[in-house]
Trainee: 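Sharing a structure below in structure tokens format, with a few things to ask.
Please read all numbers here as calculations on a predicted model, not as lab measurements. First listed ligand is number 1; within each ligand, the first listed atom is number 1. Along the sequence shown, the residues carry numbers beginning at 1.
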Amino acid sequence: MINYIEKNKIFVLETNNTHYVFGIDKTGYNRHIHWGGKCSIKDYEFTDINGENSNNSMLDEYRQEITPFGSTMYRECDIKAKFADGCREISMHFENYSINGNTLCVNFKDDFYPLWITLNYEVYEDYDIIKRYVTLKNTGNDNIVFDRIFSAEFSLPSVEPYTFKNTNGAWGGEFLQTETVLDGGSLVYESRRGASNHNQSPYFIAHRNADENSGEVYFASLAYSGNFKVSASRDNYSVTRISIGMNDFDFSHTLTPDETFDTPPVYCGRANGFGEMSRNMNRFCVDVLMPKQFNDKPLPVLYNSWEATGFDVNSAHQTELAKIAAEMGVELFVMDDGWFGKRNNDCAGLGDWFVNPEKFPNGLDELIENVNALGMDFGIWVEPEMVNPDSDLYRSHPDWAYHYDHRNADELRNQLVLNMTRADVQEYIFNCLDELLKNHNIKYIKWDMNRPFSQTGAENLDDPQMYSYLHTMAVYSIVDRLKERYPHVQFESCASGGGRCDLGAISHYDQVWTSDNTDGIDRMTIQKGYSLLHPIKTMRAWVTDIEGINKPCSLDFRFNIAMQGALGIGGNLIKYSAEDLEICKRNTAFYKSIRNTVQFGDLYRILDIEKDEVLCNEYVSADKNKSVIFIAANGTRFYKKKFNLHFAGLDMKKTYSFALDGTEYKKGGAYLMNVGIPIYVRGVDYNRAIVLMSVDEK
Ligand code: GLA
């Protein structure tokens with residue numbers, strides 16, 4: 001709900017548990033008032049800021065929704081531009097507003113120059129989530145050149161320093177959490193690589209001593225897969241502010257006469273503990289944000305051939321794998337890299353999206369038909385944004401890769417990035433994928449992207465420094481167009497594993513390849529980081545032959561971990577023993593019986609592998625009639641992991657039945673949450689999955 005207090009021009013955005021309050025003060029400036037617990041609406045007002053002196057400007061103390069560059073505001077600003085006459089200051093003042101249901105637009109106008117700035121809000125009451133973005137409009141006859149356009153500024157309420165969570169990851173170690181106390185100065189999380197990356201994440205999570213179940217947590221996540229920046233600071237008056245948006249590093253945008261520009265949106269919220277934060281965001285993404293073709297459908301169990309066959313793919317071998325996969329209960333067979341052009345290794349072929357006639361002399365359909373005859377759908381790997389210099393595409397269009405005429409184009413994994421800001425490149429990629437989907441019964445595209453950008457000349461653009469934004473939008477638009485034409489095809493966002501995982505990707509793709517690291521032990525930590533602000537349903541997790549690089553773990557153990565997301569299998573099935581195959585079959589069938597609860601349920605992270613030596617995650621269905629709990633540990637110390645497991649998220653009044661280690665239980669939700677059941681974790685390879693069903697008491 002959106003309330004407006006006319007008397008003192010204050011907007012109160014109300015979600016189930018939160019008030020987000022800002023207004024327009026006497027001078028026409030936007031001012032943030034409150035983000036936190038609900039108060040009586042009539043109590044909200046502006047407080048005066050006193051104590052201005054020659055070195056301390058009142059304006060600099062403002063807490064704002066958006067801070068323009070200029071005047072005596074020296075803190076981080078959000079919008080910075082140069083007008084045609086060289087003026088670099090924006091002076092924005094309130095003009096009017098409109099409320100339409102749960103949408104609010106507040107319009108500001110520059111005092112002199114023809115620039116309008118709109119602050120947009122959408123309130124998702126039941127999810128405790130608010131969407132924010134900024135619209136710029138040039139109503140004059142001259143260009144306005146921006147070198148910074150962030151999407152939102154936030155101010156946090158407490159005078160105490162906040163701890164900021166983000167990721168400090170890498171390829172194979174995505175989503176590893178980092179925590180930093182910000183007691184002064186500033187803190188930046190960003191990507192300068194052209195796209196979002198494995199290292200830092202386009203979000204902030206700020207808290208003071210919060211844990212899974214308690215403590216106020218403030219968070220905001222940018223829905224954008226290009227260069228981003230999250231810049232947090234705490235000033236000498238103990239105010240913590242955060243700006244978030246497209247990175248201003250190597251950025252410039254010219255707003256031409258009559259042009260309007262919308263920033264990428266930010267989704268923000270406030271929760272009681274990290275658990276509630278994740279559950280709110282999970283539900284919001286599944287119900288609201290994700291593409292509508294598959295958001296409400298359980299994702300299939302897939303098999304992916306990459307770790308089994310590498311580039312060495314052909315119809316007979318893939319069919320052999322497919323037969324075994326089908327026996328295990330796999331529903332979607334995905335052929336990975338190697339099927340196109342002269343792709344025998346990673347040195348050649350990217351860009352030539354035509355079936356390799358030596359590997360598939362009878363075309364792709366022979367394999368697809370085999371896979372379909374086995375009762376499975378067929379999926380395929382592509383890396384559309386890339387080109388190998390050793391490819392027909394590059395030989396005919398060397399200018400299609402980002403480059404500078406007099407600089408060497410740096411290769412990474414022997415490949416260059418295509419300049420997706422060019423219309424001809426976009427059409428080429430769209431047409432290649434369109435042909436592929438039109439001519440073959442393909443139900444799934446794994447869209448990969450295996451390197452950051454360099455030599456981003458983009459001289460085709462008036463604003464070459466908009467390349468990251470325009471490239472990102474081109475990727476989204478091709479995926480959207482293909483989805484519209486082929487609504488039965490699922491898309492997966494992959495970037496050497498989890499290098500393009502953000503709410504922008506999740507708004508366009510149905511799932512994400514979480515990490516190339518499929519080590520069951522490492523995955524416990526990677527998946528926890530993923531689950532913080534990304535929906536579980538999108539988290540692809542494979543069981544492979546990596547038995548644990550440092551600590552071996554069994555096939556059952558690896559299934560236990562992979563089943564906590566969207567299950568996949570990626571091992572070399574041809575080498576599996578009859579016993580291994582049985583284990584795969586049993587686990588796949590089990591996963592199918594619980595996947596709705598995992599993919600659509602509420603996640604409670606009960607025990608943390610890093611902190612507690614034991615991982616325990618519980619998923620509870622929306623109606624609280626079913627729950628599945630995964631417990632896993634690989635070598636606990638000192639014989640001390642005997643504890644009562646307190647379940648979470650159940651209905652206090654319902655009775656649940658389940659079995660564990662041969663003991664049958666039938667207990668009330670209140671008992672299970674308050675008293676719990678005894679667990680004795682022992683051995684190097686402990687893994688259990690418990691399924692609770694509510695029983696009718698009548
Ligand atoms: C990337 C992906 C892998 C696989 C390879 C193929 O590394 O993350 O899963 O698809 O590319 O080259």
Trainee: Hey, are Glu331 and Lys297 close enough for a salt bridge, meaning a charged N less than 4.0 Å from a carboxylate O?
Mentor: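 No, Glu331 and Lys297 are not salt-bridged.
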
Trainee: So, 4.0 Å and heavy atoms of Met449: is ligand 1 close enough to count as a contact?
Mentor: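 So Met449 does not count as touching ligand 1.
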
Trainee: Could you tell me the residue and atom name of the protein heavy atom closest to atom 8 (O) of ligand 1, and the distance to it rounded to 0.1 Å?
Mentor: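 Of every protein heavy atom, Asp516 OD1, 2.6 Å lies nearest to atom 8 (O) of ligand 1.
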
Trainee: Check this for me, if you would: do Arg485 and Glu435 make a salt bridge, where the nitrogen-to-carboxylate-oxygen distance has to be below 4.0 angstrom?
Mentor: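 Not counted as a salt bridge, because no side-chain N and carboxylate O are separated by less than 4.0 Å.
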
Trainee: Where on Asn304 is there a heavy atom closer than 4.0 Å to ligand 1, on the side chain, on the backbone, on both, or on neither?
Mentor: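 For Asn304, no heavy atom sits under 4.0 Å from ligand 1.
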
Trainee: Hey, which atoms in ligand 1 end up nearer than 4.0 Å to a heavy atom of Lys446?
Mentor: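 Ligand 1 atoms under the 4.0 Å threshold to Lys446: 3 (C), 4 (C), 9 (O), 10 (O).
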
Trainee: Any salt bridge linking Asp608 with Lys528? Criterion: basic side-chain nitrogen under 4.0 Å from a carboxylate oxygen.
Mentor: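 Lys528 and Asp608: salt-bridged.
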
Trainee: Considering only NZ, NE, NH1 and NH2 on the basic side and carboxylate oxygens on the acidic side, decide whether Lys483 and Asp510 come within less than 4.0 Å.
Mentor: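 Looking at Asp510 together with Lys483, the answer is yes, because their closest N to O distance falls below 4.0 Å.
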
Trainee: Considering only heavy atoms, does Glu307 approach ligand 1 within less than 4.0 Å through its side chain, its backbone, both, or neither?
Mentor: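 No part of Glu307 is near ligand 1 at this cut-off.
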
Trainee: So does Lys575 pair up with Asp545, basic N to acidic O under 4.0 Å?
Mentor: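 No.
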
Trainee: Taking only heavy atoms of Asp337 into account, list the atoms of ligand 1 that are under 4.0 Å away from them.
Mentor: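 Ligand 1 atoms under the 4.0 Å threshold to Asp337: 6 (C), 12 (O).
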
Trainee: Please check whether Arg413 reaches ligand 1 - meaning an N/O of the residue sits under 3.5 Å from an N/O of the ligand, judged on distance alone.
Mentor: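 So ligand 1 has an N or O lying under 3.5 Å from an N or O of Arg413.
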
Trainee: Please say whether more than 12 non-hydrogen atoms of neighbouring residues, nucleotides or ligands are located less than 6.0 Å from NZ in Lys342.
Mentor: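 No, because the 6.0 Å sphere around NZ of Lys342 holds 12 heavy atoms or fewer from other groups.
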
Trainee: Output yes when the distance from some N or O of ligand 1 to some N or O of Gly497 is under 3.5 Å, and no in every other case.
Mentor: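 Yes.
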
Trainee: Please lay out, stage by stage, how Arg586 and Glu579 fare under the test salt bridge (charged side-chain N to carboxylate O under 4.0 Å, His left out).
Mentor: CA-CA 11 Å; Arg586 167 168 48 77; Glu579 194 195 340; over 6 Å; no

Trainee: Closer than 4.0 Å to some heavy atom of Trp513 - which atoms of ligand 1 meet that?
Mentor: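 It comes down to these atoms of ligand 1: 8 (O), 9 (O).
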
Trainee: Give the atom numbers and elements of ligand 1 that come within less than 4.0 Å of a heavy atom of Cys494.
Mentor: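 Once the distances to Cys494 are compared, the set is 2 (C), 8 (O).
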
Trainee: Is the shortest distance from a Lys or Arg side-chain nitrogen in Asp390 or Arg395 to a carboxylate oxygen in the other one below 4.0 Å?
Mentor: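 Answer for the salt bridge query: yes.
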
Trainee: Out of Asn345, Asp448, Asp336, Leu350, whose heavy atom is nearest to atom 2 (C) of ligand 1?
Mentor: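 Closest candidate by heavy-atom distance is Asp448.
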
